[in-house]
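Only a predicted model underlies this, so the values are computations on that prediction, with no experimental measurement involved. Computed from heavy atoms alone, side chains included, the values below leave out hydrogens, waters and symmetry copies.
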Amino acid sequence: MAAPIPRVGAPDHTLRTSPILDDEAELSLDDEAETAVCYFNGSSYPLESYVLSGNELLRCEGRGVWVRKGELRPDDLEK
């Protein structure tokens, strides 16, 4: 059985949170420096991790940015 996806709540802009991009967006070279982890509200997550912010599924991808992967309905989370 897979581990549950952490629920992280809404981004708190007073805490370190990596950029959150749409799936088709590109990160410019002027944005945050490349890291091997993503941050959400001060906590770090390894590359390829998933978190839930509300019903929005985010995946930590290369360069240490969150990429939106869609929304999950509450009944999807119970499966």
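Separation of atoms CZ (R59) and SG (C38) is listed at 9.5 Å; rounding is to 0.5 Å. Between the CD atom of E56 and the NZ atom of K69 there is a distance of 12.0 Å, given to the nearest 0.5 Å. Annotation: the span from L52 atom CG to E71 atom CD amounts to 10.5 Å, rounded to 0.5 Å. Rounding to the nearest 0.5 angstrom, the gap separating the CG atom in N55 from the CZ atom in R7 is 8.0 Å. With rounding to the nearest 0.5 Å, the separation of CG in L47 from CD in E61 is 9.0 Å.
Side-chain N or O atoms of S53 include one that pairs as donor or acceptor with a backbone N or O of G9 at under 3.5 Å. Of the possible donor and acceptor atoms, none in the side chain of N41 sits under 3.5 Å from a partner among the backbone N and O of T17.
Taking Ile, Leu, Val, Met, Phe, Trp and Tyr as members and joining any whose side-chain heavy atoms lie under 4.5 Å apart, directly or through other members, L15 forms no hydrophobic cluster with any other residue. Side-chain heavy-atom separations under 4.5 angstrom define the hydrophobic clusters, and the remaining members of the one that includes Y45 are V8, I20, F40, V51, L58, W66.
Minimum interatomic distance between V37 and C60 (heavy atoms only, all atoms of both residues): C-SG, 4.0 Å.
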